[in-house]
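Report on one structure; see the data block that follows.
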There are 2 protein chains.
Amino acid sequence: MSTVRGARERARIEVTAAIKDEAKKQLAAEGAAKLSLRAVARELGMASSAIYRYFPSRDELLTALIVDAYDSVGEIAEAAHRTACADAATHLARWVAVTCAVRDWALAHPHEYALIYGSPVPGYTAPQATIGPASRVGFVLIAVVTDACRTDGLALPPLADDLRAEAERMSADLAPGLPPEAAAPLIAAWSQLFGLISFEIFGQFHRVVEAKEVFFREAVTELARTVGLLGARNGARATAGKG
Amino acid sequence: MSTVRGARERARIEVTAAIKDEAKKQLAAEGAAKLSLRAVARELGMASSAIYRYFPSRDELLTALIVDAYDSVGEIAEAAHRTACADAATHLARWVAVTCAVRDWALAHPHEYALIYGSPVPGYTAPQATIGPASRVGFVLIAVVTDACRTDGLALPPLADDLRAEAERMSADLAPGLPPEAAAPLIAAWSQLFGLISFEIFGQFHRVVEAKEVFFREAVTELARTVGLLGARNGARATAGKG
DNA sequence: TTAAAAGCAAGAGCACTGCTCTCATTCTTG
DNA sequence: CAAGAATGAGAGCAGTGCTCTTGCTTTTAA
């Protein structure tokens, strides 16, 4: 399957990559709203109509860029997790390392960040192809907490009654190694992490937060506590896991 | 100043309002990306060029809509706060009431929500006119916590050293009635609130969270605890305020 | 009251967009 | 080698934001 069968197929994947590369350049320079198929074609020296042999519409091109962006930030998070584990860092330190890596990526690629964590551009339902890459960062966070649960246990309050069923479904579907009372706080922390980053990237913190770096570190450390990671500044509430 | 001086001025504000109304309709129907000046003009039976007498550019129209959206959600939050106070609700209940009201508004007006809390559309810097309305929700949250601090005190961990200067500036600039150790957690909770809402509105919770309502209530209750509100499920850590 | 000034609507037009055709060319395959 | 599929180029359609000029109406000042 991976063998390139002829010059035509080889050319096709090359041109496809060239289009995506040029589109990424324009995305980084001007943002998704101003990404133009004609401009991409112009820059590549081809007729605008020829692009449609590779991407059936502008939205399909954007979807491809979305997938790449998700993969990009996912890889960053996974790499940060790997090095933190290799350094035998505490679970709290791993959490902070991963979240800070995601923030750094967002600061370095604001338009790509906006593309995936801002308002959805094409329609309202994300294409099926994006949901896999979109969960990579989340799975890294799950891995950090799952490891912590196995070795140290988690400090978490008991589960609220009206959330029990949902929490059990969550832990079964998404994080099999995690007790139900850890699932909901972790999902919440996941979304709240991107609330912190979005407000910084989108300028909502303008004239509100100035020492953004330390503010972020402090906030994600507190977030670590809400997902039950020990060593996060104050003592345990009720320890679960470590079985 | 508020006297309408002639038929011309009266007509001007009427036409301006009509343009904004029609634009809001299109915004609600199709989203900001597909808002078209020509379509607005067409619907209003006027030449497209005539719109430019009222809004110098499409981005200026969008800015006007942004301000209106901020005011809309701000009013909702303030109203929820007022009724909760009138009902003599606990401070925790007020926090939950305000945050749930904001979420309800977002669910009812997803495109307007995306306009103000999604990727910034025009450029990267929000126009000066938006920063006032943009802070209304934040000020309501500040009011809730400030009231709680005055009557019950707050349960908050001590301030981290590297955050002290920033926290003191924050509380001085934004929340004079609040101790510094409350400022940073409150700003963080403010952004994290919109992280929760954004993930729900933008579809990131698809197949992840299903009981969205109870999940949100539980998450903002936990958020209330991180800003020091008492009665939020578990005991105090160190009480500040109440002086 | 009348003349000048200012505000306004309309139309034409420019440069641009996404996208769809047709037509010629090139590569692949039976 | 010939049939057929894939590709590229160009013209063209309908739409966009925005500008400019041309008349007209309302306001303001003499």
Side-chain angles (χ1 to χ4, degrees), chain A residues 1 3-20 22-27 29-66 111 115 120-123 127, chain B residues 1 3-20 22-27 29-66 111 115 120-123 127:
Chain A
M1 265 301 174
T3 60
V4 177
R5 318 215 332 171
R8 191 153 244 174
E9 284 191 27
R10 185 188 304 262
R12 180 168 188 86
I13 61 179
E14 261 175 33
V15 174
T16 306
I19 292 173
K20 285 210 305 192
E22 180 56 37
K24 272 178 208 171
K25 266 191 212 168
Q26 293 193 16
L27 179 67
E30 296 271 20
K34 296 198 175 171
L35 193 155
S36 145
L37 278 185
R38 290 182 112 111
V40 170
R42 214 177 300 131
E43 212 65 28
L44 261 50
M46 50 166 40
S48 66
S49 56
I51 299 247
Y52 290 86
R53 300 280 178 198
Y54 299 89
F55 295 94
S57 76
R58 197 192 99 114
D59 284 357
E60 293 278 330
L61 212 197
L62 272 178
T63 301
L65 297 186
I66 287 172
H111 286 112
L115 188 62
V121 191
Chain B
M1 265 301 175
T3 59
V4 176
R5 316 217 330 173
R8 188 151 247 173
E9 285 191 26
R10 186 187 305 262
R12 181 169 185 84
I13 61 180
E14 261 176 33
V15 174
T16 306
I19 292 174
K20 284 211 306 195
E22 180 56 37
K24 273 178 208 171
K25 267 191 211 167
Q26 293 194 15
L27 179 66
E30 296 271 21
K34 295 198 176 172
L35 192 154
S36 146
L37 279 185
R38 289 183 114 111
V40 170
R42 213 178 301 133
E43 212 64 27
L44 261 49
M46 51 170 26
S48 65
S49 54
I51 299 245
Y52 290 86
R53 298 276 174 194
Y54 300 89
F55 295 94
S57 75
R58 198 191 99 114
D59 283 357
E60 293 279 329
L61 212 198
L62 272 178
T63 301
L65 298 187
I66 287 172
H111 285 111
L115 188 62
V121 190

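In what follows, chains carry the letters A, B, and so on, assigned in the order in which the sequence lines appear, proteins first and then strands, with residues in each chain numbered from 1.
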Close N/O contacts between protein and nucleotides 1-5 of chain D (under 3.5 Å):
none

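When the options A:L115, A:L61, A:D59 are evaluated for a side-chain contact (heavy atoms from CB on, under 4.5 Å) with A:I66, the one that passes is A:L115.
In this structure, the CD atom of A:Q26 is 13 Å from the C1' atom of C:dC16, given to the nearest Å. In this structure, A:L61 places its CG atom 14 Å from P of C:dT17, rounding to the nearest Å. Distance CZ (B:R12) to C1' (C:dC8): 9 Å, rounded to an integer number of Å. Atom CD1 of B:I13 and atom C1' of C:dC8 are 16 Å apart (whole Å). Atom CD1 of B:I51 is separated from atom P of C:dA10 by 11 Å (rounded to the nearest Å).
Residues B:L37 and B:S57 share a closest heavy-atom pair of CD1-C, 4.5 Å. Nearest heavy-atom pair across B:A23 and B:L35 is O-CD1, 3.6 Å. In terms of heavy atoms, A:H111 sits closest to A:E30 at NE2-C, 3.9 Å. Closest approach of A:Q26 and A:S36 over heavy atoms only: OE1-N, 3.6 Å. For the residue pair B:A33 and B:R58, the shortest heavy atom distance occurs at O-NH1, 3.9 Å.
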Under a 4.0 Å heavy-atom criterion, the protein footprint on nucleotides 8-23 of chain D, written with B, S and -, is BBB-B---BBBBB---
Donor-acceptor contacts, no H, no angles, side chain residues 41-56 of chain A, under 3.5 Å, sequence neighbours left out:
none

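Atom NZ of B:K25 is separated from atom CD of B:E22 by 5.0 Å, given to the nearest 0.5 angstrom.
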